[in-house]
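Quick notes on the structure that follows.
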Amino acid sequence: MTKSLRSPIQLKNLREQLIRNSQSGKSTISVCGGTGCQGCGCESVYTKFVSEIDRQGIADKVELKLTGCHGLCECGTLVTIHPQKIFYIRVNPQDVPEILTETILKDVVIDRLLYPDPISGQTVLHEYDVPFYKKQRRLIFGSNGLLDPTSIEDYIAIGGYCALSKALSEMKPEQIIEEVKESGLRGRGGGGFPTGKKWESCRNAPTSNGTRYVICNADEGDPGAYMDRSLLEGNPHSVLEGMIIGAYAIGSGSGYVYVRHEYPLAVKNLDIALTQAREYGLLGNNILGSGFDFDVMIARGGGAFVCGESTALMASLEGKIGEPRQKHIHTVIKGLYNKPSNLNNVETWANVPLIINKGAGWYADIGTAGSKGTKIFSLVGKIKNTGLVEVPMGITLREIIYDIGGGMLNGKKFKAVQTGGPSGGCIPESLIDLPVDFDELTRVGSMMGSGGMIVMDESTCMVDMAKYFVDFLIEESCGKCLPCREGLDRMKDILAGITQGNGTDGDIELLQELGEVIHDTSLCALGETAANPVLSTIQYFRDEYEQHIRNRHCPAGVCKALITYTIDPETCTGCGVCVKNCPEKSVSGEKKKPHVINQDTCIKCGLCRENCKFDAVIVV
Amino acid sequence: MVTISIDGIRTVVPEGTTVLEAARDLGIAIPSLCHNPGLSPYGACRVCIVEVKKGERSTIEASCTLPASDGLVVITNSERVRKNRKVLIELLVSSCPTSKTLQDLAANYGVNRIRFAIKDKNCILCGLCVRYCKEQMQSGGIGFVGRGTSRKVATAFGVTPQECRNCGGCEWICPVCERACTAANLTNGLCGGCQNLMHVETCELCVHCSESVNARGHRVY
């Protein structure tokens, strides 16, 4: 029997049948198979579950799923048991037999695997009660934990492809564009361009043979950001559904997903999703009997950061060097193979089915005046709960960092948060009550970017941090235009001079001048925003730069040329741990008497300080 | 035909004309390095920047790739353009001080100090040779290799390819090879030997010690 669905009714019937099959009273165990949990060893937990279910012979009582990312990567491996929604954290393979015998068979909750609330100390039973999830609004990410990304049936059962069937059978392309415009959805890749407007321009762009392309930008490359990856890995069908709806609205017959080759699981899951969608007649000719033809191909990127820029991405798709061109003629008019091309980010596409299903009005109610809906951030850095968070636009940084993120690690003081990836800016503590949306972030000198959020504490040196991002961008600049290639290189020289104690008066002004020139004159958006980390740190942490230049002092104790490690004779107990750990044998002293560091041979690696139990090693 | 305004002069040009071409038709001088009328626009050196007015705001664009469109208001020599261009020329000279073309450019546009580290790469990656080889000679023997600061013009795998007909066009069109600066020694990257035509800005204390400004020994700011 062919699986191909030929009408919306057939899709509806299939869904009802799938739901009936799943209501068989079985418990479902969802093991998180996201990137973070894979790092924690979720594969071995999953295989243990498989073998243990087999050994105990309870395959008829329980269903096992390896799902996409659940978000709280800090506490991996995460396991959720449905329908009770019991939420276990840090599950190891040795916990598996107990989960099956106790929780599944006897309905007894294992207390030690539950999430302990850091404030009250009480354990939390359900996922939705965990403070990390409480303030989130997981519209797009929420279904990740419910479905097996390699199963289209799972996606259809939770209402997947409902929006597509509605769009194809009940809506005209213009109506869809109008709906997306009204919803206020803005591009999630960083630019924040209104999606509906983009679609409309692409639809209205003249093309000789009717060819138009839709492209999904999954070339995510910011340090510390992995939301597009997790979305493609965990719920590829939602992105695909968005793309098909978009293609129908724009009038496109073929699409591409440009995804990094470094994301093998995303490529694999997407490939499976495409095959399944074709089998079910959701891609290909005459989708759901509507007469609309569309298919998607995967193009794997070679890992150049600049290929996330639209013109560079399209050049790369055409098989040319991934280099941007001047965008006086937009890609919606002349893009891939000189045809109108509509490029949207993974997350933008995933938003589309929601808007079609629930309506523009519902969507526009979420968020702020200029930015609607939710945004996924990858919350990383010196914070307790690192992971992926999906929050409504307009939430304050404080809520994200303290309520969702659980505050700073090791009781240190919050210093700044870097948003928008390497081209974003640093936001200081004084602006922590800033509502997060496209316009507010731009106003304070940063940007939304694709949604990276790196939290820094007092032990981060802002000059060193700016140097790190400039280094990254030098590495990733294509080198085509002068200001980005040479300007950033000289910027790094000046920053390196400052961190090495060779800064001079006027360096800050020169950095600012150079930064403005790079911003004004660069060819593409990478160059235009490349100076942001430097300019924003100068704006908010100028005194730190001045301390480096005038006093040859690094307040955070990071820049090696400007610091010395010494041992406080008052607090040193003479335990000798520092002597054992010093790779250069620079520490000496008698047992139980204060030790001394030989400054001539010390390489300032910081191992003595890290290992001292009495905080006797101090940095000056 | 489209009507644009350049430095307050209204001009009508055919569609597809770039702002650089339109300005030069009017006799307005805009410096350029990577532009050549016989080759496709590239927009890499950014020296040909102009200011484009958009209501209250304005942006800086490279005129060699900016197509003239109706109602475009362009200023070719504003304060902002000059300021940006001087830094760009500083960057150019600092990455290739041995080119007479660049030294002349620096002298003509009043660049009399280089505040950046000199890293002589003997190439400004303007891409003229690459485009000449591909577009005029239909050869494609040379191209860009590498990314960012390690980008360079080279042949594939460092071997002279069959496509190369030894026409010498790449050398002929190169602003560095063909017109090398022959100054015996450069003062902080600057020569200033040949073309000091325009007045340069000097320090407040300047007593015009040398009217024909020579960067050598003339400490400004």
Side-chain angles (χ1 to χ4, degrees), chain A residues 302-307 311-312 320-329 334 470-494 496-497 502 504 506-507 509-524 526-528 530, chain B residues 16 18-19 33-34 40-52 58-69 72 80-81 83-96 114-119 121 124-127 130 143-152 221:
Chain A
F305 179 68
V306 73
C307 284
T311 53
K320 297 177 185 156
I321 304 176
E323 261 173 27
R325 63 159 174 80
Q326 199 86 45
K327 265 200 286 192
H328 294 305
I329 299 168
K334 260 187 182 183
V470 170
D471 267 340
F472 175 86
L473 288 162
I474 290 174
E475 192 80 5
E476 295 298 341
S477 159
C478 75
K480 181 176 176 179
C481 77
L482 174 87
C484 178
R485 182 186 68 233
E486 301 296 339
L488 283 178
D489 187 49
R490 300 306 189 277
M491 206 169 218
K492 187 191 89 176
D493 288 348
I494 302 167
N502 301 325
T504 51
D507 273 358
E509 289 72 22
L510 183 58
L511 279 174
Q512 281 177 317
E513 189 183 343
L514 185 57
E516 274 158 32
V517 171
I518 295 174
H519 171 266
D520 271 359
T521 61
S522 283
L523 193 155
C524 77
L526 187 145
E528 263 172 41
Chain B
T18 64
V19 169
L33 286 169
C34 71
S40 60
Y42 191 57
C45 74
R46 319 305 286 174
V47 173
C48 66
I49 48 169
V50 293
E51 190 170 350
V52 177
S58 68
T59 56
I60 296 286
E61 309 279 356
S63 61
C64 68
T65 51
L66 180 66
S69 59
L72 198 70
R80 196 171 162 203
V81 168
K83 213 175 137 211
N84 275 312
R85 187 175 286 149
K86 280 178 85 166
V87 178
L88 290 175
I89 295 173
E90 265 186 83
L91 285 171
L92 278 167
V93 174
S94 77
S95 64
C96 185
I114 305 291
R115 292 166 293 177
F116 308 115
I118 309 286
K119 297 180 180 174
K121 293 179 184 163
I124 53 164
L125 296 165
C126 64
V130 174
F144 289 112
V145 175
R147 192 169 74 195
T149 42
S150 55
R151 181 180 169 102
K152 59 179 184 193
Y221 298 94

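Lettering of chains follows the sequences in order, A, B, ..., and the numbering in each one begins at 1. Bear in mind the structure is a predicted one, so any value in this text is a computation, not a measurement.
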Evaluate the side chain to side chain contact (heavy atoms under 4.5 Å, CB included) criterion for residues B:I124 and A:L482: first the C-alpha distance (whole Å), next the side-chain angles of each, then the deciding distance (0.1 Å), finally the verdict. CA-CA 8 Å; B:I124 53 164; A:L482 174 87; 5.9 Å; no

Residue, of B:T59, B:V47, B:I49, B:V87, that accumulates the most heavy atom pairs under 4.5 Å with chain A: B:V87

Would you name the heavy atoms of A:C481 and B:G43 that are closest together and state the gap between them? CB-O, 4.3 Å

Based on non-hydrogen pairs under 4.5 Å, which of B:P67, B:G146, B:S94 is most in contact with chain A? B:S94

So for A:L523, is it side chain, backbone, both, or neither that comes closer than 4.5 Å to the heavy atoms of chain B? both

Rounding to 0.5 Å, atoms CD (A:E528) and CD1 (B:I60) come to a distance of 11.5 Å

Salt bridge flag under 4.0 Å for residues B:R80 and A:E516: no

Locate the shortest heavy-atom distance separating B:A117 from A:D493; write the atom from each residue and the value. CB-OD2, 3.8 Å

Under a 4.0 Å threshold between the charged nitrogen and the carboxylate oxygen, would A:E476 count as salt-bridged to B:R147? yes

Which bit of A:D520 comes within less than 4.5 Å of chain B, counting heavy atoms only: side chain, backbone, both or neither? both

If you measure from the Lys or Arg side-chain nitrogens to the Asp or Glu carboxylate oxygens, is any gap between B:R115 and A:E509 under 4.0 Å? no

Interatomic spacing from SG in B:C34 to NZ in A:K480 - rounded to 0.5 Å: 8.5 Å

Measuring from A:E323:CD to B:F144:CZ, what's the distance to the nearest 0.5 Å? 7.0 Å

In terms of heavy-atom pairs under 4.5 Å with chain A, the winner among B:K121, B:E90, B:R85 is B:K121

Decide yes or no on side chain to side chain contact (heavy atoms under 4.5 Å, CB included) for B:K86 and A:E513, but give the supporting numbers first. CA-CA 11 Å; B:K86 280 178 85 166; A:E513 189 183 343; over 6 Å; no

Contact leader toward chain B among A:L510, A:I518, A:V306, A:I474, where contacts are heavy-atom pairs under 4.5 Å: A:L510

Going from CZ on A:R485 to OG on B:S95, what distance comes out if it is rounded to the nearest 0.5 angstrom? 6.5 Å

Okay, A:Q326 and chain B: the region with an atom under 4.5 Å from a heavy atom over there is side chain

Closest non-hydrogen contact found for B:R151 with A:G479 is CD-O, 3.1 Å

A:R490 portion near chain B, given a 4.5 angstrom heavy-atom threshold: side chain

Side-chain touch B:K119/A:D489, heavy atoms, less than 4.5 angstrom: yes

Of all heavy-atom pairs between A:H328 and B:L66, which one has the smallest distance, and what is that distance? CE1-CD1, 3.2 Å

For the OG1 atom of A:T521 and the CG atom of B:L88, what is their distance to the nearest 0.5 Å? 4.5 Å

Gap between atom CD1 of A:I329 and atom OG of B:S69 - 0.5 Å precision: 10.0 Å

